[in-house]
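Everything below concerns the one structure shown next.
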Number of protein chains: 2
Amino acid sequence: MQITTKTGYAVRALSELVLSSDGKPVSMSEICRKQNLPIKYIEQLFRKLKKKEIIKSIHGSRGGYLLNKPISEVSLKDIMHALDDDFSNKFCYGINAHSEYCTGFPCGFYELWDDIKNFIEDYLDSIKLEQIISRLQEKK
Amino acid sequence: MQITTKTGYAVRALSELVLSSDGKPVSMSEICRKQNLPIKYIEQLFRKLKKKEIIKSIHGSRGGYLLNKPISEVSLKDIMHALDDDFSNKFCYGINAHSEYCTGFPCGFYELWDDIKNFIEDYLDSIKLEQIISRLQEKK
DNA sequence: GCCAATTCCTACTAAATTACTATGTTATCT
DNA sequence: AGATAACATAGTAATTTAGTAGGAATTGGC
């Protein structure tokens with residue numbers, strides 16, 4: 001559950017998608033040109049976002065991508081979860097379990113890591129694309 | 001700013017240090033035996049914790065480690081910060097800046113990442129060793 | 001029907017990070 | 001002197017990250 005370049009790229013690309021779309025699909029090349037992003041990499045990220053139904057796509061010429069949900073219903077948690085398959089396993093389970101150096105599962109620390117995970121996930125879930133985009137527009 | 005095995009190990013080792021200490025130093029071998037941790041790895045982590053004055057050490061035979069602060073004054077943030085040098089740079093600066101695919105620094109997303117970083121860091125700073133240890137003891 | 005534009009798919013890779021191990025050296029107590 | 005510790009540095013296998021490469025499949029417009 002890390003915020004990395006990948007997360008940053010996806011947020012930039014999704015924001016650009018929303019800002020550039022007027023109901024018509026926006027092409028990957030337009031998104032990446034406007035946001036200065038590596039197109040082949042973002043293509044891969046968008047395929048993951050599509051699998052989780054955050055965006056939809058239209059094939060062929062004049063095709064492109066569209067957001068599949070209202071901007072108030074797409075959170076940072078949703079995005080990160082789509083990009084990172086075992087996002088939710090990254091805490092105690094990912095840290096300790098199945099390791100030679102684990103003291104048993106669940107150990108005395110299990111609930112600590114779980115509480116932290118839940119707290120941070122809830123926070124990330126409270127940050128919607130809507131707020132991210134309105135922040136951007138305030139600046140202009 | 002990730003919670004990884006490293007963080008988990010450090011928390012286990014520090015908790016064991018606190019629980020095993022009755023004013024006298026606790027040796028690395030005792031800590032690692034009781035918590036089933038890889039000793040040479042934990043040694044390295046403890047050296048970093050010492051640099052940040054979270055623990056202190058006594059050399060030679062009958063030596064070992066002691067906590068250098070009250071358990072109410074050592075937070076998860078402190079521990080993670082000690083283990084990971086550029087902990088605080090891991091957000092926008094680490095994500096975007098100085099990359100070929102950055103749109104300028106600070107970009108429109110800078111404050112978003114910064115706010116998130118601060119929120120999570122404040123939360124991690126609110127979790128003290130004191131609470132972690134009393135959680136452990138409740139279970140017994 | 002053909003061509004261009006576009007998404008979709010798989011495989012590869014260089015660099016960095018993680019989670020260690022190995023091999024000592026130095027300091028202190030008895 | 002010898003045992004017991006902390007301290008230090010270097011190496012390394014596995015994994016992840018952040019991409020690149022090369023193409024296949026799909027659709028709109030002429």
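So you know, we letter chains A, B, ... as the sequences are listed, proteins then strands, and number each from 1.
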Problem - side chain to side chain contact (heavy atoms under 4.5 Å, CB included) between L17(B) and L14(B), intermediate numbers included - result: CA-CA 5 Å; L17(B) 170 59; L14(B) 283 173; 4.2 Å; yes

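Qualifying ring pair (Phe, Tyr, Trp, His ring centres under 6.0 Å) partners for Y123(B), counting only residues two or more places apart in sequence or in other chains: F119(A). By the salt bridge (charged side-chain N to carboxylate O under 4.0 Å, His left out) test, D115(A) pairs with R135(B), sequence neighbours left out. Under the side chain to side chain donor-acceptor pair (under 3.5 Å) criterion, S29(B) pairs with S27(B), not counting sequence neighbours. Shown here are the side chain to side chain donor-acceptor pair (under 3.5 Å) partners of D125(B), two or more places apart in sequence or in another chain: S75(B). When the salt bridge (charged side-chain N to carboxylate O under 4.0 Å, His left out) test is applied to E130(A), no partner is found at least two apart in sequence or on another chain. By the side chain to side chain contact (heavy atoms under 4.5 Å, CB included) test, S21(B) is found to be paired with V26(B), L66(B), residues two or more places apart in sequence or in another chain being considered.
Axis angle across the helix from dG1(C)-dC30(D) to dT30(C)-dA1(D), with five pairs used at each end and values rounded to 10°: 10°.
The side chain of Y9(A) contributes an N or O atom lying less than 4.0 Å from OP1 or OP2 of dG19(D).
Candidate nucleotides dA19(C), dC8(C), dC7(D) were compared by shortest atom distance to the side chain of T5(B), and dA19(C) ranks first. Between dT18(C), dC20(C), dT7(C), one nucleotide has an atom nearer to the side chain of Q2(B) than all others, and that is dT18(C). Checking dT18(C), dT6(C), dA5(D) against every side-chain atom of S29(B), the shortest atom distance belongs to dA5(D).
Contacts of residues 31-42 of chain A with DNA chain D (heavy atom under 4.0 Å): P38(A), K40(A), Y41(A). Applying a 4.0 Å cut-off to non-hydrogen atoms, the residues of residues 57-70 of chain A that approach DNA chain C are S57(A), I58(A), H59(A), G60(A), S61(A), G63(A), G64(A), Y65(A), listed by residue number.
Sparse packing is recorded around NZ of K24(A), with 12 or fewer heavy atoms of other residues, nucleotides or ligands lying under 6.0 Å away.
Using a 4.5 Å heavy-atom cutoff, the side chains of L136(A) and S15(A) are in contact. Side chains of E100(A) and N36(B) form no contact here, defined as non-hydrogen atoms less than 4.5 Å apart.
Minimum heavy-atom separation, R12(A) to F109(B): CG-CE1, 3.4 Å.
The NZ-P distance, from K56(A) to dT7(C), rounds to 15 Å in whole Å.
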All N/O pairs under 3.5 Å across the protein-nucleotides 11-15 of chain C interface:
residue: dA11(C); atom: N6; partner: Q44(A); partner atom: NE2; Å: 3.4

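Within the structure, every pair that satisfies the salt bridge (charged side-chain N to carboxylate O under 4.0 Å, His left out) test and touches residues 27-37 of chain A, not counting sequence neighbours, is listed here: E30(A)-K34(A).
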Under 3.5 Å donor-acceptor pairs involving side-chain atoms of residues 38-65 of chain B, not counting sequence neighbours:
residue: K48(B); atom: NZ; partner: L83(B); partner atom: O; Å: 3.4
residue: K50(B); atom: NZ; partner: S57(B); partner atom: OG; Å: 3.0

